[in-house]
Amino acid sequence: MPFRPHYTGLIENYRDRLPVSDDTKLISLGEGNTPLLRLNNIPAVLGKDVEIYIKYEGLNPTGSFKDRGMTMAVTKAVEEGSKAIICASTGNTSASAAAYAARAGIAAFVLIPEGKIALGKLAQGMMHGATVIQIKGNFDEGMQLVKDVAEHAPVTIVNSINPFRLQGQKTAAFEIVEELSRAPDFHCLPVGNAGNITAHWMGYSEYFDDGIIKARPKMVGYQADGSAPFMRGEMVDNPETVATAIRIGHPQSWDKAWKVKEESQGWFDECTDAQILAAQKLLAEHEGIFCEPASATSLAGAINDINSGKIPEGSMIVCTLTGHGLKDPDTAIKQSTSPMLTVDATLDAVRDAILNNMAD
Ligand code: AN7
């Protein structure tokens, strides 16, 4: 059978589980339906008998998981007659908002921390025609400004405090369950505002309540140690990490995420920037999977917990890779140790370059 249905995005796919009606005009870029890849080589590198799957959310249309929530948020904004959306962002939300606003034919205003967003994300916001407002402050200050200004201007906030965002994002859990025919034992995610971990728990819980799965995973959220309010037990005012996407000290879904931890019997932990970059490299070099630093936090944390035995051998683990590696070329090139040779354009020079760099 050479034909299959035209995939038109996650709202259409999960229509009966999302807050849309037959009349709702869907704003979609074909998001969702991302690969769930089993890691073939890394468990052996670790010397551990674990089954690790990667949910490769960097393969969404704008290169991050944000598209799942944005298709819902922008669809509902348009349905409600909104002509402009606004967000504060460490980069990926702004890229996604800009793209979906362009698709919908409405305006986007994005507040970003000056100098602290990865190059690819900045390019996306600018290319899609959003009004990019760089602030001389961090994400948390931008978020407060967005909340304040939305009371004085006709704009719809599309940060994850918009409840439609989490509705869209919960579909990632549906897809995982459908492919594994069960829930994993552990689901590991990077945590910034904690919207995504909350949304995944909503998705698993919905399938659990409907009897589709018999058990839900333990939800495990990892932060960078310089930006880890969930580990400190309080807000952090000057977060710092190489993983700029999760350089967030005042998580917007604070209470919800603590509830997820309790209900799922999961936990939070932190990783160093060095561990995050090492996990990013491990995925790239041993599996051919390129994610941005923040995304690698899920695997970095899982590796720590696998090595300590907190995640026992025999476990089935899903790690979400939230954003694509191409988002942040600067950090990738900076930490790359692959040989980069410049040689004469001659047969001899190229042959020598190959023979001198062959593994024994
Ligand atoms: C790659 O774009 O908050 O815990 O403004 O871009 O749901 O916040 C990004 C967050 C993880 C954290 N990985 O997710 C933004 C923004 C990547 C991200 C997170 C983000 P949440």
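Minimum interatomic distance between D273 and V242 (heavy atoms only, all atoms of both residues): OD2-N, 2.8 Å. The minimum heavy-atom distance between H128 and A95, with the atom names listed, is CD2-O, 4.2 Å. Across all non-hydrogen atoms, the minimal contact from L111 to G142 is CD2-O, 4.0 Å. Nearest heavy-atom pair, I52 versus C319, reported as atom, atom and distance to 0.1 Å: CG2-SG, 4.2 Å. The two residues P312 and V50 come nearest to each other via the heavy atoms O-CG1, 4.0 Å. In terms of heavy-atom proximity, I246 sits nearest to S227 at O-OG, 2.9 Å.
In this structure, NZ in K170 is found 14.0 Å from CG in N196, a value given to the nearest 0.5 Å. Residue I303 holds its CD1 atom at 10.5 Å from CG of D305, rounded to the nearest 0.5 Å. Taking CD of E57 as the reference point, atom CG of L189 lies at 9.5 Å (rounded to 0.5 Å). For the atom pair SG (C87) and CD1 (I157), the distance works out to 10.0 Å, reported to the nearest 0.5 Å. Of the inter-residue distances, the one linking T156 atom OG1 with E80 atom CD reads 7.0 Å to the nearest 0.5 angstrom. Put simply, CG on D148 and CD on Q144 are 4.5 Å apart, with the number rounded to the nearest 0.5 Å.
Between the side chains of T71 and R103, not a single donor N or O lies within less than 3.5 Å of an accepting N or O. With hydrogens and angles left out, the side-chain atoms of K76 and T24 include no donor and acceptor closer than 3.5 Å. Residues E31 and Y100 bring a donor and an acceptor atom of their side chains to less than 3.5 Å of each other. E206 and Y204 share no donor-acceptor pair across their side chains, judged by distance under 3.5 Å alone. K147 and Q252 share a side-chain donor-acceptor pair at under 3.5 Å.
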Please determine whether side chain to side chain donor-acceptor pair (under 3.5 Å) holds for the pair R351 and T346, giving the CA-CA distance in whole Å, both sets of side-chain angles, and the decisive distance to 0.1 Å.
CA-CA 9 Å; R351 186 197 53 214; T346 65; over 6 Å; no
Side chain to side chain contact (heavy atoms under 4.5 Å, CB included) between I176 and H187, worked out:
CA-CA 10 Å; I176 291 163; H187 190 136; 3.5 Å; yes
Is there a side chain to side chain contact (heavy atoms under 4.5 Å, CB included) between Y53 and L37 once you walk through the steps?
CA-CA 5 Å; Y53 292 87; L37 299 172; over 6 Å; no
Determine whether K116 and E240 satisfy the following criterion, side chain to side chain contact (heavy atoms under 4.5 Å, CB included), listing intermediate values before the conclusion.
CA-CA 10 Å; K116 292 290 188 181; E240 278 306 340; 3.8 Å; yes
With side chain to side chain contact (heavy atoms under 4.5 Å, CB included) as the test, would you mind laying out the steps for H200 and Q169 before giving the verdict?
CA-CA 7 Å; H200 277 76; Q169 286 172 216; 5.8 Å; no
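For S205 (side chain) and W201 (main-chain N/O), a donor-acceptor pair under 3.5 Å exists by modelled atom type. Side-chain N or O atoms of S295 include none that pairs as donor or acceptor with a backbone N or O of L321 at under 3.5 Å. Side chain of N162 to backbone of F164: a donor-acceptor contact under 3.5 angstrom is found. Judged by distance alone, with hydrogens and angles left aside, the side-chain atoms of Q223 form no donor-acceptor pair with the main-chain N or O of F268 at under 3.5 Å. Using modelled atom types, one side-chain atom of H324 and one backbone atom of L326 make a donor-acceptor pair closer than 3.5 Å. When atom types are taken as modelled, the side chain of N60 and the backbone of G32 share a donor-acceptor pair closer than 3.5 angstrom. Using modelled atom types, one side-chain atom of S298 and one backbone atom of T320 make a donor-acceptor pair closer than 3.5 Å. No donor-acceptor distance shorter than 3.5 angstrom exists from the side chain of S315 to the backbone of I311, with no hydrogens or angles considered. Judged purely by atom type and a 3.5 angstrom limit, E287 uses its side chain to pair as donor or acceptor with the backbone of I42. Judged by distance alone, with hydrogens and angles left aside, the side-chain atoms of T198 form a donor-acceptor pair with the main-chain N or O of A194 at under 3.5 Å.
Hydrophobic side-chain contacts under 4.5 Å tie L122 into a cluster, directly or through other members, with V110, I112, I117, M126, V132.
For K259, the NZ atom counts as loosely surrounded, since its 6.0 Å shell holds 12 or fewer non-hydrogen atoms of other residues, nucleotides or ligands. Around the CE atom of M235, the shell of radius 6.0 Å holds more than 12 heavy atoms that belong to other residues, nucleotides or ligands. Open room surrounds NE2 on H6; 12 or fewer heavy atoms of other groups in view lie less than 6.0 Å from it. With a 6.0 Å radius and a threshold of 12 heavy atoms from other residues, nucleotides or ligands, K261 has its NZ atom above the threshold. The number of heavy atoms from other shown groups lying within 6.0 Å of CD (Q265) does not exceed 12.
No continuous path of hydrophobic side-chain contacts links M219 to M202 [ILVMFWY only; heavy atoms under 4.5 Å]. At a threshold of 4.5 Å between side-chain heavy atoms, the hydrophobic network of Ile, Leu, Val, Met, Phe, Trp and Tyr places M231 and V220 in two separate groups. A continuous path of ILVMFWY side-chain contacts below 4.5 Å connects I248 to V146, so both sit in one hydrophobic cluster. One hydrophobic cluster holds both I317 and L299 under the rule that ILVMFWY side chains link at heavy-atom gaps under 4.5 Å. Y7 and M70 fall into different hydrophobic clusters, where Ile, Leu, Val, Met, Phe, Trp and Tyr residues are linked whenever their side-chain heavy atoms come under 4.5 Å apart, directly or through other members.
No side-chain heavy atom of N33 sits under 4.5 Å from any side-chain heavy atom of L10. Side-chain contact between I86 and V158 is absent, with no heavy atoms from C-beta onward closer than 4.5 Å. With contacts defined as side-chain heavy-atom distances shorter than 4.5 Å, the pair T8/L26 does not qualify. Two residues are said to be in side-chain contact when any heavy atoms from C-beta on lie closer than 4.5 Å; L283 and C291 meet this criterion. Using a 4.5 Å cut-off on side-chain heavy atoms (C-beta onward), R247 and F139 make no contact. Counting heavy atoms from C-beta outward, V318 and P217 have side chains that stay 4.5 Å or more apart. With a 4.5 Å cut-off on side-chain heavy atoms, Y222 and P190 do not count as touching. Within the 4.5 Å cutoff, the side chain of E178 has heavy atoms near those of the Y207 side chain.
The existence of a salt bridge linking E175 and K55 is confirmed by a sub-4.0 Å separation between a basic side-chain nitrogen and an acidic carboxylate oxygen. A salt bridge links R232 with E270: the closest approach of a Lys/Arg side-chain nitrogen to an acidic carboxylate oxygen falls below 4.0 angstrom. Electrostatic pairing of E292 and K327 does not count as a salt bridge here, judged by no charged N lying under 4.0 Å from a carboxylate O.
Note on ring orientation: taking the six-membered ring where Trp is involved, the planes of W258 and W254 are perpendicular (angle over 60°, cut-offs 30° and 60°).
A cation-pi contact links R216 to F208, judged by a cut-off of 6.0 Å to the six-membered ring centre and 45° from its axis. Taking the centre and axis of the six-membered ring of W267, the NZ or CZ atom of K218 falls outside the cone set by 45° and 6.0 Å.
The side chain to side chain donor-acceptor pair (under 3.5 Å) test with H250 singles out one residue from D140, N193, D237, N138, and that residue is D237.
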